[in-house]
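Note sheet for the following structure.
Proteins get letters first, then strands, A, B, ... in listed order; numbering begins at 1 in each.
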Number of protein chains: 2
Amino acid sequence: MPARSDLRERTRQAVRAELVTVAWELFVRQGYDATTVDEIAAAVGMSQRSFFRYFSSKEDIVLGKFQAFGEILADALAKRPGEEDAWTALRRALDWFVGGSERDPRYGLELLRLTDQTPALKARRLEQQTHWQELLAPHVATRLDPPATGANDLRPAALAGAALACMNVANAAWVAGDGNQSLGRLIDEAMRAVRPSAF
Amino acid sequence: MPARSDLRERTRQAVRAELVTVAWELFVRQGYDATTVDEIAAAVGMSQRSFFRYFSSKEDIVLGKFQAFGEILADALAKRPGEEDAWTALRRALDWFVGGSERDPRYGLELLRLTDQTPALKARRLEQQTHWQELLAPHVATRLDPPATGANDLRPAALAGAALACMNVANAAWVAGDGNQSLGRLIDEAMRAVRPSAF
DNA sequence: ATTGACTTGTCAGCGGCTGACAAGTTGGGC
DNA sequence: GCCCAACTTGTCAGCCGCTGACAAGTCAAT
């Protein structure tokens with residue numbers, strides 16, 4: 001029942017990682033749509049069928065990168081001081097991304113550019129963010145003035161969703177400016193517009 | 001240059017409408033994924049190839065319904081009194097949907113249920129909402145305290161995006177409650193959570 | 001009635017994706 | 001070291017969404 005042996009699981013992850021690396025290179029060079037799964041598989045020396053044994057879809061190779069972000073965001077939010085109000089805590093949770101954008105903007109720029117320019121990827125990314133919203137909501141719930149109780153309370157999801165919408169707007173502006181403006185400031189601007197009284 | 005003659009254009013629209021009706025029935029009965037384009041085409045007595053002459057994709061048959069909504073929303077927002085603050089105007093613009101949900105909830109419920117339960121459709125619907133955001137933004141811009149000037153100002157898009165996020169949360173809750181709760185109240189709750197001082 | 005614009009079906013093909021099967025490889029207990 | 005069971009792999013065949021090309025037909029306007 002413990003699934004695969006550790007060794008097998010590790011090699012599996014290694015193959016996945018190589019697939020991501022190779023595919024990413026092709027995507028950046030010739031575009032997502034113009035790159036076929038056959039091509040990716042051939043580039044790492046495996047059959048197309050085997051590719052789909054590592055990734056359930058071509059999109060997954062890109063979207064996998066975003067999956068982890070949701071958990072990181074939720075973690076960051078959970079770790080904020082309990083007295084912090086929800087909106088401020090959400091803003092601070094996003095600092096993890098801001099930090100990344102400052103250390104090395106290239107990675108984020110590539111990721112956002114590709115996902116924004118490819119409609120299929122953009123759509124999937126937005127869908128995935130609704131999962132982020134669900135991960136964030138419980139940690140928002142405890143920070144509301146009358147704390148949220150059941151799942152009937154719309155406030156946590158609304159705040160999380162609004163914050164993510166602001167993040168998207170800021171990200172788009174950041175990409176449009178080739179990463180030259182401070183992502184942190186852009187997020188501030190977007191989030192302050194929604195809540196003028198905040199931080 | 002005037003494109004198709006009126007008659008041809010009208011029959012074209014009629015065929016499109018029938019295609020939508022028939023396809024919608026199949027989608028509701030057996031699910032979106034379980035319905036093939038061949039099936040839809042056969043049901044109206046045309047070849048699959050001709051189907052794609054009326055709709056550029058299978059998704060378009062469903063998403064076409066949403067396309068008009070963005071324009072309606074933007075219109076409604078534009079028609080709000082100029083002194084109204086942005087957030088209130090956005091809330092009021094959404095009343096058009098609220099009205100529809102009260103007149104006949106079934107249509108909206110079906111539409112939302114199908115699009116929420118089918119990942120591909122959910123993703124595309126969210127993507128389309130980023131277009132709504134762009135349509136709304138200019139009408140938000142004029143209602144800001146220091147009115148927004150250039151496209152560099154993130155505030156209009158942020159507010160529009162946040163409002164749409166609230167709408168989505170409210171819609172989801174509305175569907176979860178089988179349309180028994182007032183959609184207007186749910187939107188109020190979500191939007192007030194983001195802007196406690198509002199309306 | 002003729003012409004030219006428009007629509008249609010058919011066919012052939014690509015790309016993403018899946019099930020089934022057979023062949024091969026490998027980790028771990030003996 | 002050997003062996004077996006577990007796992008991986010490639011191949012093949014096929015479905016579905018979608019597209020280009022072509023030939024046959026329909027229809028509006030003259």
In terms of side-chain heavy atoms of [X], which of [options] is nearest?
| X | options | answer |
| --- | --- | --- |
| A:Phe52 | D:dG10, C:dT18, D:dC18 | C:dT18 |
| B:Arg8 | C:dA5, D:dG17, C:dT25 | C:dA5 |
| B:Arg53 | C:dG9, D:dT11, C:dC17 | C:dG9 |
| B:Met46 | C:dG9, C:dG16, D:dG10 | C:dG9 |

Is the phosphate of [N], meaning OP1 or OP2, less than 4.0 Å from a side-chain N or O of [X]?
| X | N | answer |
| --- | --- | --- |
| B:Ser47 | C:dT8 | no |
| A:Tyr54 | D:dT9 | yes |
| B:Ser50 | C:dG9 | yes |

**Q.** Heavy-atom side-chain contact between A:Leu112 and A:Lys122 under 4.5 Å
**A.**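 They are not in side-chain contact.
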
From CZ of B:Phe51 across to P of C:dG9 the rounded distance in Å is 13 Å

Separation of C:dA12 P from B:Gln48 CD (nearest whole Å):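 Atom CD in B:Gln48 sits about 15 Å away from atom P in C:dA12.
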
Other residues, nucleotides, ligands: >12 heavy atoms within 6.0 Å of A:Glu39 CD: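 For A:Glu39, atom CD is crowded (more than 12 foreign heavy atoms under 6.0 Å).
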
- Same hydrophobic cluster for A:Phe69 and A:Leu126, using side-chain heavy-atom links shorter than 4.5 Å among ILVMFWY? no

Quick one: label B:Thr11 by what it contacts on the DNA or RNA (base, sugar-phosphate, nothing), any heavy atom closer than 4.0 Å.
nothing

| query | Aromatic rings B:Phe97 and B:Trp132: how do their planes relate, parallel, tilted or perpendicular, breaks at 30° and 60°? | reply | parallel

| said: Quick check on DNA chain C: between A:Leu7 and A:Arg49, whose nearest nucleotide comes earlier from the 5' end? | reply: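 On the 5' side of the pair lies A:Arg49.
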
